[in-house]
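Below is one structure; the comments refer to it alone.
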Amino acid sequence: MIIYLNGNFVSEEEAKISPFDHGFLYGDGVFESMVVTNGLVFKLDQHLKRLYDSLTVLKIKIPFSKDELKKLVLETLRRNNLRDGYVRLVVSRGVGYPALDPRACEKPTIVIIPSTKTFPQSFRGSYSDIIDKVVTVSTRKIPSVCIEARVKSLNYLNNILARIEALEAGANEAIMLDLHGFVTEGPGENVFIVKLGCLYTPPTHNILNGITRQTVLELAKNMGIKAYEQNLTRYDLYTADEAFFTSTFGGIKPIREIDGRKIGLKVPGPITEKLKKAYESLLLKEGTPIE
Ligand code: PMP
């Protein structure tokens with residue numbers, strides 16, 4: 001793969017980041033992951049908007065407009081002839097003496113990493129079409145008053161600990177609760193449930209406002225499915241008719257079981273299936289062409 005790194009297109013071997021980079025030293029940076037289907041980058045403008053919002057909150061300035069960055073993303077994909085895969089944009093505060101002070105960083109590090117859709121076979125359970133076993137974990141979501149959940153920052157420690165907890169419990173994926181016990185999200189996915197024909201998902205104050213989540217809410221509206229953004233508890237998960245995760249990486253992933261409770265009679269349930277089909281056909285026809 002050819003990687004974009006600070007103004008140059010380089011090979012994977014040449015794509016080296018300094019040990020003095022604050023992204024590496026402190027997780028001081030942001031990122032976005034986008035999906036490319038059939039030569040179309042899905043919701044590129046929305047991802048760029050979220051990236052710039054994250055940068056604004058962290059006070060990291062980059063020398064590119066959204067349009068310029070968009071051109072670089074498309075150029076990276078063209079150079080790799082990547083028509084189906086993922087592309088990740090990473091921006092860190094940049095290289096500085098290993099001191100916490102952000103003034104040490106004169107310019108941000110900007111990296112664009114394309115990748116295919118292949119991943120190690122041993123990861124299957126967590127990335128298969130249906131997520132069999134999900135557990136709510138003891139790792140709580142960091143409240144947004146501490147670290148704003150809508151900022152897609154390089155700090156994923158809690159999410160990683162949540163995934164580790166799930167794997168060690170013999171499950172495929174985790175759902176984190178907030179400090180009050182309300183459902184938040186998975187380590188890299190938003191959560192939806194279906195109950196009596198309506199869709200429910202947690203509100204955005206303590207979760208990442210996923211682009212797939214927003215797309216599902218739009219699709220539901222167009223399909224006449226009532227959707228509510230409201231606090232959910234484990235009771236709501238256990239008694240749901242259907243449940244699914246959403247993410248750029250995995251799309252819509254039906255869930256079979258949460259904390260040992262089977263969700264619904266058939267997985268995927270009818271509404272999940274309908275939304276999944278609609279989402280997948282959108283990926284094939286909507287997006288910014290790489291050519
Ligand atoms: N929550 C978290 C914590 C995530 O990392 C992701 C993946 N970016 C999501 C939700 C899903 O967001 P999106 O649909 O934008 O990929």
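Whatever order the structure lists them in is the order used to number ligands and atoms, beginning at 1.
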- If we ignore angles and hydrogens, is there a donor and acceptor under 3.5 Å between the side chains of N159 and R163?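 No, because no side-chain N or O of N159 sits under 3.5 Å from a partner of the opposite role on R163.
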- Aromatic rings Y228 and Y200: how do their planes relate, parallel, tilted or perpendicular, breaks at 30° and 60°? parallel
- Return the orientation label for the Y279 and F42 ring planes: parallel under 30°, perpendicular over 60°, tilted otherwise.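 Answer is perpendicular, since the angle exceeds 60°.
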- Who pairs with S138 by side-chain contact (heavy atoms from CB on, under 4.5 Å), at least two apart in sequence or on another chain? E165
- For residues E32 and T248, determine if any side-chain heavy atom of one lies less than 4.5 Å from a side-chain heavy atom of the other.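 With C-beta onward as the side chain, the pair stays apart.
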- Closest approach of P108 and I62, non-hydrogen atoms and distance?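 Result for this residue pair: CG-CG2, 3.7 Å.
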Sub-3.5 Å pairs, protein N or O with ligand 1 N or O:
| from | atom 1 | to | atom 2 | distance (Å) |
| --- | --- | --- | --- | --- |
| ligand 1 | 1 (N) | E185 | OE1 | 2.7 |
| ligand 1 | 5 (O) | K152 | NZ | 3.4 |
| ligand 1 | 5 (O) | Y156 | OH | 2.4 |
| ligand 1 | 8 (N) | K152 | NZ | 2.6 |
| ligand 1 | 14 (O) | I211 | N | 3.3 |
| ligand 1 | 14 (O) | T212 | N | 2.9 |
| ligand 1 | 14 (O) | T212 | OG1 | 2.5 |
| ligand 1 | 15 (O) | R50 | NH1 | 3.0 |
| ligand 1 | 15 (O) | R50 | NH2 | 3.0 |
| ligand 1 | 15 (O) | I211 | N | 2.8 |
| ligand 1 | 16 (O) | T248 | N | 2.9 |
| ligand 1 | 16 (O) | T248 | OG1 | 2.6 |

